[in-house]
Amino acid sequence: MKIADLKTAIIGCGNLGRALAVGMTDGGVKANTISVTRRNTAALSDLKNLKIKVHSDNARATRESRVIILAVKPYNVDLILEEIAPVIDASKHIVISVITGVSISHIAGFLPKSTPIFRAMPNTAADVKESLTCVCHSNAGPDEVALVSNIFSALGEVIFINEELMEAATVMGACGIAYVMRFIRAMVQGGIEIGFDSKTASAIVHQTVKGASELLITRNSHPESEIDKVTTPKGCTIAGLNEMEHHGFSSALIKGIKASYEKIEKH
């Protein structure tokens, strides 16, 4: 089946679900093959304008689709699984969870035996087809794996990992968007502090961050090797880097990553 014609339901369409829906349509999936559900459908009026099907009937959306993407809050997952389980056909449906901290075995406990189940952790950059999506699966054959890979490849890069790393992947890929945004915000504020207006500071910082990422990706290099190229003896770059490290820049970031991971692990 062509991805463009794939009937997909996104159950519980919040910010991530919205990013997935928009990213899929931008990636070539026909809007009228996507159904999104949410209790408050008025919040999805922009998706309705794109010709995506919008309603609140989770069972109907499941019945009418092949791929079911679960994007609900973790505390709602059992209720939703109980609702859609009676209409799940293990020979037809592929279930993909993008829910933080919910294992494949937990989901499988509600669904017919041998239902292909995937856990995927994209991030909100799916909205602009620049997501990094980590995926693991159970009961899936090569065709299902290829299909899910194609879905998320339309939204950016895809990496298949072992399930025990999914929580770590959530922190690095999904929470990581927020970490980078906070870093960008601080850089913009610093730019304003030294004389730029907000718009100009933002333009400089955004392109600088994009350029730094592209250098590492294109050259497959280590950050320190690129840092060395711009840190001259007694220069302004090393002075700034040392001041940041004196105030715990790297340590604070590492501690933040560990705190997010420990929070997921406690659930």
Side-chain angles (χ1 to χ4, degrees), residues 14-16 19 73-75 98-102 119-128 130-136 156-159 161-267:
N15 291 331
L16 181 55
K73 300 295 184 185
Y75 56 80
V98 295
I99 306 168
T100 299
V102 179
R119 282 182 71 185
M121 186 42 61
N123 58 42
T124 52
D127 200 343
V128 292
E130 289 292 347
S131 177
L132 184 284
T133 304
C134 293
V135 182
C136 62
E157 298 294 323
V158 178
I159 297 175
I161 62 174
N162 294 327
E163 186 175 14
E164 57 263 30
L165 290 172
M166 284 301 293
E167 277 66 42
T170 301
V171 172
M172 296 297 289
C175 303
I177 286 279
Y179 307 151
V180 174
M181 293 297 182
R182 183 58 60 87
F183 164 74
I184 289 172
R185 188 185 78 171
M187 274 197 73
V188 170
Q189 290 173 325
I192 296 170
E193 183 84 13
I194 61 176
F196 288 105
D197 62 83
S198 177
K199 184 177 180 180
T200 304
S202 295
I204 294 171
V205 172
H206 296 170
Q207 184 58 41
T208 300
V209 171
K210 181 180 179 182
S213 294
E214 287 298 328
L215 274 174
L216 296 176
I217 293 168
T218 302
R219 295 179 177 174
N220 193 28
S221 57
H222 191 280
E224 284 301 324
S225 69
E226 300 299 335
I227 290 171
D228 287 344
K229 293 173 185 177
V230 293
T231 49
T232 55
K234 297 185 179 181
C236 58
T237 303
I238 192 62
L241 288 172
N242 285 342
E243 186 67 16
M244 292 176 195
E245 291 302 331
H246 289 327
H247 289 278
F249 177 78
S250 294
S251 177
L253 181 56
I254 293 166
K255 286 179 179 178
I257 290 170
K258 290 177 68 176
S260 290
Y261 181 75
E262 288 166 3
K263 180 71 173 180
I264 293 177
E265 287 246 290
K266 288 177 182 177
H267 282 285

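Count residues from 1 along the sequence.
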Problem set entry | Residues which pass side-chain hydrogen bond (donor to acceptor under 3.5 Å, both in side chains) with Glu163, listed by chain and number, not counting sequence neighbours | Arg119

Problem set entry | Which residues share a side-chain hydrogen bond (donor to acceptor under 3.5 Å, both in side chains) with Asp197, sequence neighbours left out | Thr200

Exercise. With distance as the sole criterion, is a donor-acceptor pair present between the side chains of Ser260 and Tyr179 under 3.5 Å?
Worked result: yes

Exercise. Side chains of Thr133 and Glu157: do they bring a donor and an acceptor to under 3.5 Å?
Worked result: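 Glu157 and Thr133 do not have a side-chain donor-acceptor pair below 3.5 Å.
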
Without swapping roles, check the side chain of [X] against the backbone of [Y] for a donor-acceptor pair under 3.5 Å.
X	Y	result
Thr237	Val230	yes
Ser225	His222	yes
Asn123	Ile177	no

Might you confirm whether atom [atom1] of [X] has over 12 heavy atoms from other residues, nucleotides or ligands at distances under 6.0 Å?
X	atom1	result
Phe196	CZ	no
Lys229	NZ	yes
Glu164	CD	yes

Exercise. Would you say the side chain of Ile161 lies within less than 4.5 Å of the side chain of Val135, judging by non-hydrogen atoms?
Worked result: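 When only atoms from C-beta onward are counted, Ile161 and Val135 do not touch, as no gap falls below 4.5 Å.
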
Distance in Å, [X] [atom1] paired with [Y] [atom2], rounded so as to fall on 0.5 Å steps:
X	Y	atom1	atom2	result
Met121	Ser131	CE	OG	9.5 Å
Cys134	Ile159	SG	CD1	5.0 Å
Met244	Ser251	CE	OG	15.5 Å
Cys175	Ile264	SG	CD1	5.0 Å
Lys210	Glu130	NZ	CD	8.0 Å
Ile238	Ile227	CD1	CD1	8.5 Å

Which atoms form the tightest heavy-atom contact between [X] and [Y], and what is the distance?
X	Y	value
Ser198	Val188	O-CG1, 4.3 Å
Cys136	Asn162	CB-C, 4.4 Å
Ser221	Glu226	OG-OE2, 2.8 Å

For this session: Give a yes or no on whether a salt bridge exists between Arg219 and Glu214, defined as a side-chain N under 4.0 angstrom from a carboxylate O.
Result: no

